[in-house]
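Notes follow once the structure below has been shown.
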Amino acid sequence: MMNEKLNWIKSFEKPLTIAGPCSAESEKQMMETAERIDKNYVQAFRAGIWKPRTKPNCFEGVGAIGLNWLKKVKDEFQFKIATEVATANHVKLALEYDVDFLWIGARSTANPFAVQEIAEALKDTDKVVLVKNPVNPDLELWIGAIERLRQQNIQNLGVIHRGFSTYKKTKYRNNPQWQIALDLMDKMPEIPIICDPSHICGNREGLFDVAQQAYNFEYDGLMVETHPNPDEAWSDAKQQITPERLLEILQKLELRKSDDEDAMYHLNLARLRNEIDENDQNILENIAQRMLISTQIGELKKEHNVAVFQPERWKQIRENAVTQGGKLGLSAEFIDKLVRAIHQESILHQNLIMNKENPIKSE
Ligand code: PEP
Ligand code: MN
């Protein structure tokens, strides 16, 4: 495959790895992290200076003093340095301290006023500006942020995929919804894309799998939160890992080569399999939701002494499904098997409710 990515990323050996703490906490913590990170695998050091927090009265970052520490990391260890900017003043300070990569956080990307303010403050910069996906799964909002930066003549752009917020609890802190990032890659193939498995997972255990998935999709790099003593971190403690654990993960990851037919086959296969997996997940969640509703109906039936199996209702469900399925190109035979299995499982759930002993009432 032709490498049509923007030039700035080509100056790094693929993959670009950015590591460092969620938040700068002290000079000692920053220097120790930088010291322990393996320079053969990591080219850039991250640290949050100003932290966007969901609730007030949490640790909101050390503020501008942390930029001194970040600069010291750059000078002593020759890392590129990266931090989040959310206002014009953050931009001004980050540029004064010669920060190399400035990223726009997920909450800011969701707010066009904030993006516009940051873009204007960065006008004409040749620094690298990375746009995290917005907290909500909205591809156009993500693209809109890139367009706002381009309008201010900012050329060295990239994106960070950190997953999307959901009300429903899943195994992820932020659901990756890979398809949104893959669609962005199709629409803007020149924009380098970096995966942030830390904010996708919200834990340490899932990091490897998410990072490997990103490599399978030929992402250009990773950003991983790394702390000398993760359990004691002042923010995002659960998802941070030590520099030594980071090295283990990076050494285990398999990078796919991107320049022959075989690689194209694997990339296409990985994309399609991801679509299947996301679909299967939706099917399972919908079936589980259906069983919950059916349990509630079971409770109503019990209260009103109504039999679980209602032949009329079953006939109606089946006919409906066959008609709807037919319109979607699914055979009557398949639909019949599918609804039968689902209906039987529902009945099972309702029978459990019916047969549950009534709690013995005292008095
Ligand atoms: C972060 O990188 O520490 C951060 C706050 O990320 P996000 O904007 O993705 O929540
Ligand atoms: Mn964080």
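Whatever order the structure lists ligands and atoms in, that order sets their numbers, starting from 1. All values below come from the heavy atoms of this structure, side chains included, with hydrogens, waters and symmetry mates left out.
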Quiz item: Any N or O on D196 sitting closer than 3.5 Å to an N or O of ligand 1?
Solution: no

Quiz item: Any side-chain donor paired with an acceptor under 3.5 Å for N286 and Q289?
Solution: no

Self-check item: Inter-residue atom distance T226.OG1 - M223.CE, 0.5 Å rounding
Solution: 10.5 Å

Exercise. Could you list the atoms of ligand 1 found under 4.0 angstrom from a heavy atom of R107?
Key: 7 (P), 8 (O), 10 (O)

Quiz item: Below 3.5 angstrom, do we get any N/O pair linking D236 and ligand 1?
Solution: no

Practice problem: Please report the number of protein N, O or S atoms that lie less than 2.8 Å from the Mn ion (ligand 2). | Solution: 4

Quiz item: For the side chain of N136 and the backbone of D138, is there at least one donor-acceptor N/O pair under 3.5 Å apart?
Solution: no

Quiz prompt | Within-cut-off N or O pair, K51 and ligand 1, under 3.5 Å | solution = yes

Exercise. Check the side chains of H227 and E25 for a donor-acceptor pair under 3.5 angstrom, ignoring hydrogens and angles.
Key: yes

Exercise. Check whether any side-chain heavy atom of E225 sits under 4.5 Å from a side-chain heavy atom of H199, and report yes or no.
Key: yes

Self-check item: Qualifying salt bridge (Lys or Arg N to Asp or Glu O under 4.0 Å) pairs, either residue in residues 321-341, two or more places apart
Solution: R318-D336, D336-R340

Quiz prompt | Any N or O of A106 closer than 3.5 Å to N or O of ligand 1 | solution = yes

Exercise. Using atom types as modelled and distance alone, determine if a side-chain donor or acceptor of K71 lies under 3.5 Å from a backbone N or O of Y97.
Key: no

Exercise. Could you tell me whether a side-chain N or O of R53 sits under 3.5 Å from a main-chain N or O of F59, the two making a donor and an acceptor?
Key: yes

Practice problem: Give a yes/no on ligand 1: does G48 have at least one heavy atom closer than 4.0 angstrom to it? | Solution: no

